[in-house]
Every structure is written in C-alpha cells, then in structure tokens.
Amino acid sequence: MTDTAPSPSVVSDESPSTDVRRIGPAFRTTHPLASGPVVSPQTTVDGFVETFLGELNYGQGTLLSQSTVNDQYLALARTVRRYLMADWLETGARRRQAQQKTIGYLSAEYLLGRQLGNNLLATNLQDIAEDAMRRCGIDIAALRAQEVEPGLGNGGLGRLAACFVDSLATMDVPCIGYGIRYEYGIFRQTFEADRQVELPDSWLSLGNPWEFPHPERQVLVGFGGRTETVTDAAGVERSTWTPDWQVLGMPYHYMVPGFRNGVVNTLRLWSARATQDFDLQIFNSGDYAQAVRAQTFAENISKVLYPEDSTPQGKELRLQQQYFFVACSLHDFIDNTLPADFDLRRLPERIIFQLNDTHPVIAIPELMRILVDRKGFDWDEAWEITQACFAYTCHTLLPEALEVWSVDLLGRLLPRHLEIIYRINEEFLERVREAFPGDEMRARRMSIIAEYPDRAVRMAYLATVAGAKVNGVAELHSQLLRDKVLPDFSQLWPEKFTNVTNGITPRRFVRLANRRLSELVTDTIGDGWVTDLDRLRELEPWADDAAFRAEFRRVKRENKERLVKLLRVRDGLELPTDTMLDVMVKRLHEYKRQTLKLLHIVSLYEGVVSGRVPAEDLTARTFVFGAKAAPGYHMAKEIIFLVNAVSDTVNADPAVAGRLTVAFPANYNVTLAEKLIPAADLSEQISLAGKEASGTGNMKFALNGALTIGTDDGANVEIRRLVGDDNFFLFGMTEPEVERLRPGYSPSSYYEENPRLRATIDLLASGHFTGGDRRAVAPVIDNLLHQDSFMALADFQSYLDAQERVDAAYADEDAWSRSAILNVARSGFFSSDRSMRDYLERIWHA
Ligand SMILES: *Cc1c(COP(=O)(O)O)cnc(C)c1O
C-alpha cells in the first residue's frame, strides 16, 4: 500500500536492523493489473454466500459441514472485509494524492467494541449477510456473539477515541489513529464470593480477522543509553543519543469505515517485537534461556493495557509503552507516509497530532529530537514547527490523575528527551519571567519540572507549553481547567485555551445498539439523522402524539425484554421486564459515587424492612450496576463487594419481591453497554460536581431515551440546558458550593442529623447484607463517616428528594414518554460528528 519503497526504518541514530532490510522494497511494475482495481464481491445474497463459502474453504481450510462457530465467524468477518477492501485501498491512494492535512490522533487507548456489527452496518450489508447465513443454515446472532471485543481501553477516554475515528471517517476527513495493539486488553471481570476477580483478556487467542500486519513498515525504537555532544563537519554542535537497547514496532492496520460513504480510514496499532539483535544473542550467548528472556522483555512493551483509569501509577513499563507508540507513530508519518523529499519546514501543513490526554506527550520532545538531531534543524526553527504540530486534550480535574514522570526514571530511559525537556523548560521560564518580572513564585509554579516531593516532569505542563491549543472536554470542565488546573497558563496564553464538548457516535450507540428506536425514528423523519444528528429535532412535535408515544414505549419494552433474556443467559439473572430500569454503568471510582446510588437503594429497602413504608408504595425498580475497578484500587473493590452483597440480600428478600431488584452483571464493556443503554429508563450521572470532566455515558443514555438524574457536572450541564429542566432530574451541590463546604467538611454531622441517612447507614453497618459480618462492610462505612472525600453524605438528602420526583414523574406514563422523546430529540448536539467539526474549526484548521 505504500508508493515509496520503504526506507530502512530507524528512530534511534543506530544503523537499521537487518530484519527490516530483509523484507525488501515494495514490488512495483508497470503491468496494468498491478494497480487494481480490486473487485468487490457482488452485493447480493448469492454473491455473499459464494464469498463466505470461499473464505470458509480457502481461508479457514474447512467445509461448511465440518466448520465450528469460530470458523464461521472468521469466514464471515473476512467476507465483510472483502467488501471494504476496495474502498480502503482507494481511500489510501486518494489521501496520498491529495496532500491534505492529516489528523494524527495519538491515543494510548481505543475501546473499539465489536467490529462485525459495525462493519456490516457501515457497508449496508446487514440484511444480505443475515439472509446469506440463513441460506447456509447459520444463525448470524451466534456468529456475532463469537467475537471478543477489542478492549484496548479502560473506559470513557478510550471509547472517545473510537468514536472520534468513526466520525472522521464518516466525514471523510484524513485521519490516522495511532495506538498500541495490546496483546491483553482490559481484564475480564468475574465475581467470586461477591468480590472482583480479574482474568486476562486473551482477545487474540481465536484469531483476529480485522487486522493486517505490515512488517514492511516496522520501526526501530531505542531506549536507555547515553547522549554525547559532537561537532559535525560544518562545525555545528549536535547531540547524539546512543540507546543501549532497541525494540521493533510492528504496525497492525485496522479498517475504520465511514457510514456508507465509500471511505475507509486507518487505525494503526503498534506491537513490540524483539529485534534480530535479540535473535543473534540467542545463538551467540550460549545462555539460551537468558536470551529468550531478553526477547520476552522486548515484547512485554505491548503485552498488557494498564487497567488504571484516572489514576496512573508511574510504572516504568508504562513510560516505555508511551514512548514506544509515539516514536513509532512519528517515524511512520514523517519517514513512511510523507513523500521522501518532503520539506519538513512545512510539516504543520500536513499533520496535526492530537494528544489524547498526557499519555502521548513524550511525542513533543521526540519531534524536537527528530528535527534537531536527525534532520539538522536549528533549535528555534524546530520549536516553531513542533508547536504547530501538537494540540492537547485534557481529560481530568483530579489532581491525582495529572501524570508526572520522575526525572530519574525519564533520564534513565530517555536521556536525550530529558535534555530536550530541560531546554524547553528553560526557555519557557525565561518567557514567564519576561511576562511577569519579579514573580519568581509564579515561575516556580509553572515550571515543567516539579521539585517536590521528587523531581518530576509534569506532562500536562509540557503539553500546554508546546501545544498550539489546549482543550477541555465539556464547557464546565474547560472553564475549571482555565481557572483551577492551569490558571497561570491561561493568564499567559488565554487564546490557547478552548473547549470541545465530547460526543458519541450515533452509528454504534443508536443505529446499531438500538435498532428498534432507529426504525421508529427513520419511519418518522427519514434516515438522514444517522449522519446529521441535529435532525432528531424533527421528532419534537411527535412527543405530543399519543400513537408515537405508544410506539416509543413499545420500543423500550422490547429492548428491556431483549436485555432480560441476555442477562438470563449471560449471568443467570432473573429480572422483571415491567419495572423502571435504573442504570449506573461506568468505571468504579469514588468520585463517580456508586456508593450514593447504593445508599439510595438501601434507604428504600430499609423503609420496607423497618415497616415505615409498605412495599406496595414503592415504585417497582430494577437497579443495574456495571463497573470494573482498577485491580489495585482497594476502596473501589470494597464498593463492588458491597453492591453485590446488597444485591444478594435484596433479591432474596420476599418483602420487596417484584419491587426492588438489584443486578450487577460482571464485565461491563462496550458490548454490554450496547444492550443495557437502549433498555434504560433512568440514567445515573451522580458524580460530585467539579469532578467528572465530561462523561459520555450520559450522552448515550439521553440519545436512547432515558431520563437523567444528575449533578451539575461535566456534560450533564449541557444535557440539562438542551433537554430542558423539566426533562432532567437535577440534584446536589454545584461546584462552587462544594468548594465552600470543603474546609471543615464533617460527614458524620449529616449522619447525626438526618434520621433516614442514619437508618440507612446503620442497616448497612449492622452486617444485614453480609450475613452478620460487620467487618466486611467497615471499610466503606468508615470511609463514608470519617472521610467521604466526594461528599456523598452531603448530597444524600438532595438525591433522595430528586429520586422521589423521579417516582412521581414515572407514575405518569405519558408525561414520562414525552420527556424521554424530548431527550432524544434535543440531544443531537452530542454526536461525535459535531465534536469533530468543533476540533476542525477551533483546533485543527484542516
Ligand atoms: C461510554 C463508556 C464509558 C464511559 O462512561 P462514563 O459514564 O462517561 O464514565 C465507559 N465504559 C464503556 C464500556 C463505555 O461504553
């Protein structure tokens, strides 16, 4: 797929590895057949069957009558791939011709979700494939279920990257998504005795039909070693870096199809390999076992996704991963994508690298190193270019989530990069001192290098100094970013800061996940909404139409029935279909306040068991949780245990049978989200105000016709403004109120003064849900009463009151449906297509 013969690929200054040379230049000939066209299979059931059987016979080497479900799944996937291939090759050729600016999306995570359904949707082959499989005696649903989703991300941040590349393909914007092909993605969660147990996600073990390895585009990446200053032939002083070990990056290409527009962009994920030097060591060392261990060492780099969400651990392997993938990506673009004679002074005309959080920020000194050390630019010119090639998206407000790397570690692993960072910092602090003479405290605060507790590089500061733009991910978040997280920087460069509110792709999260709602919407307003989500506005008048509301309720009910069936088979759960479905699904984090949700459930239950409230007076609700905890996050795991314990007790108690049901299906992931969200009535978005940067789960729910109960936080603020106060259940403190309450906050005073809260906590603390074991609940209870960093107790009463408003609203079926329809009609803004337009206009200028 390359026009240029691949040059030997080196990131370090070392000579190229022979592995790369051995592959040889790309084959080129003037024979007319050599440049295609690639012929797609016929878009008919017959054509599909023929291609499928061909894949089964010649690809899988089996007969239909002998084939396993996995054979059939792989053959089906490869069949769909064939229909995409001509468009992929054509898009690639067109992009190389056009010399347009490309978006290089740099993200350590892509939480893609299953590919088969999405690619059938994009190619409009759903019905043909279903018929074709039926003709072969195969139920396509069983094949869909065979796919293990690529879980190459933790949660919202990785899912956002997946939505963005989907939108860019649908909008025909040139984009290369760069990331890491983890051999093991986010762990598979199971529960044993109500506690989370993590199992490895061996998603590649049955074969991956969606990826294409490209060994001719391998890249060498160096680590460690030392730097020297040498005077070159022209008498100029230059730094050279001699790494002491290297690994190869092997790219795997994934198709990113636009929605039925003939465009297929590329996601390029890097996998680490040992170099041939390692192989030679195996033969030469005599210590075979040691040599093989060295090989494993290299391949460890892309072995596993770190399962921490929002709380990085500062582990050396993680820094290796970060540098590995950005070094591969920069090299890939500069040396293997741009024409060989490209004038790098014009680099910003051809690429903008968007940094998805700080994980890829080491790309900044890497580009400086390429330009200065390898391409002979002088420092100032290189800095000018670099500043125009990067933009930074911040995803957090939590101080503990702001990544820092100890100078020690960084200097050991990437000595030249540390020198470059020091020089960037020196020149930056000079500018600060010019702008604010005499304000030495400010210069210290703003330094990219923190001095305490240990010397460390603040990656967010580096990104802010170097980036052309810095954006937050929702209006409130961007404002807090300017005022609270990076105030000194926003004073120095107010124009650098901007907002782009997150979005989600309506293809996966409405059209694919909620086929019934999609059909109803399309029957009512046509199908243009799938790529122009603002058109959902046209549904507004239908909210007042009784027949439409009835249809809307039928859709919800059928989605619930589908979910109940799934959870019966998947988790052995028995859930009712005719209750309010109240859903809280997201990573387990204290700031998201799953405990507040749990307090609500226990307070309802306590009302019944204490005899205060007749069970019949409760609105029948089914509560669904879904959440993974980072394996080292002890409090989060205690909360998971408690939710499961409450679930066991409540579900088994005849006193609340049919009224309160609590389900916690294990292993929340994109596949489960696609089933849960379309069935939900109520969306729980209850983080402490000022802590959730944006959220995207909140948008998925609103677009699928759930009403939100939520705090004034993240994108909830914008959802509420758009759908209207009457169609949103607001509760809790605002961010300024939180700040005012913070000094001297005493959670126990709420316990003392609120009898309902006290009864709720007492019931939990009594061991009622843990077979009398009070010690098992103590970690969560003690934390709530004595620390409660996220102020669940302060918001408890307000939350309860809001939940009562929910009950009252739900009792009026027509009014509820009306609100739900208005949520759908007014949430078109949250399409990631709109996010991409905002990035293009405010940041990328492409
Ligand atoms: C959307 C999504 C998230 C993000 O959810 P939030 O509620 O915004 O935190 C996390 N995990 C999965 C699987 C998702 O689909």
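One-based numbering, in listed order, for ligands and for the atoms of each. Atom set for the values below is all heavy atoms of this structure, side chains included, hydrogens, waters and symmetry mates excluded.
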* Does any N or O in the side chain of W203 come within less than 3.5 Å of the main-chain N or O of Y182, such that one atom is a donor and the other an acceptor? -> yes
* **atom 8 (O) of ligand 1 - nearest protein heavy atom and its distance** => T696 N, 2.8 Å
* Have a look at ligand 1 and work out which part of N669, if any, has a heavy atom under 4.0 Å from it: side chain, backbone, both or neither. => backbone
* To do: Decide whether an N or O pair under 3.5 Å exists between G697 and ligand 1.
  => yes
* Distance from W816 atom CH2 to Y810 atom OH, nearest 0.5 Å? -> 7.5 Å
* Asked: Is it the case that T393 and N356 place a side-chain donor and acceptor less than 3.5 Å from each other?
  -> no
* Asked: Is the closest N or O pair between K592 and ligand 1 shorter than 3.5 Å?
  -> yes
* **Per-atom contacts, ligand 1 versus G695 - under 4.0 Å to a heavy atom** => 8 (O)
* Look at the side chain of N208 and the backbone N and O of W210, then say whether any donor-acceptor pair between them is shorter than 3.5 Å. => yes
* Asked: G155 heavy atoms, cut-off 4.0 Å: which ligand 1 atoms fall inside?
  -> 10 (C), 11 (N)
* Please identify which atoms of ligand 1 are closer than 4.0 Å to at least one heavy atom of V670. => 13 (C)
* To do: Check whether more than 12 heavy atoms from other residues, nucleotides or ligands sit under 6.0 Å from atom NZ of K303, and answer yes or no.
  => yes
* Side-chain donor-acceptor pair under 3.5 Å between Y105 and Q354, yes or no? -> no
* **N/O separation below 3.5 Å, N154 to ligand 1** => no
* Measure the distance from atom 12 (C) of ligand 1 to every protein heavy atom, then report the residue, atom name and distance (to 0.1 Å) of the closest one. => Y668 CE2, 3.7 Å
* Quick one: does NZ or CZ of K691 land under 6.0 Å from the six-membered ring centre of Y591, within 45 degrees of the ring axis? -> no
* **K700 and ligand 1 - part of the residue with a heavy-atom distance under 4.0 Å** => side chain
* Mark yes or no for whether E192, through its side chain, and V197, through its backbone, hold a donor-acceptor pair below 3.5 Å. => no
* How far is atom 7 (O) of ligand 1 from its nearest protein heavy atom, and which residue and atom is that? -> K586 NZ, 2.7 Å
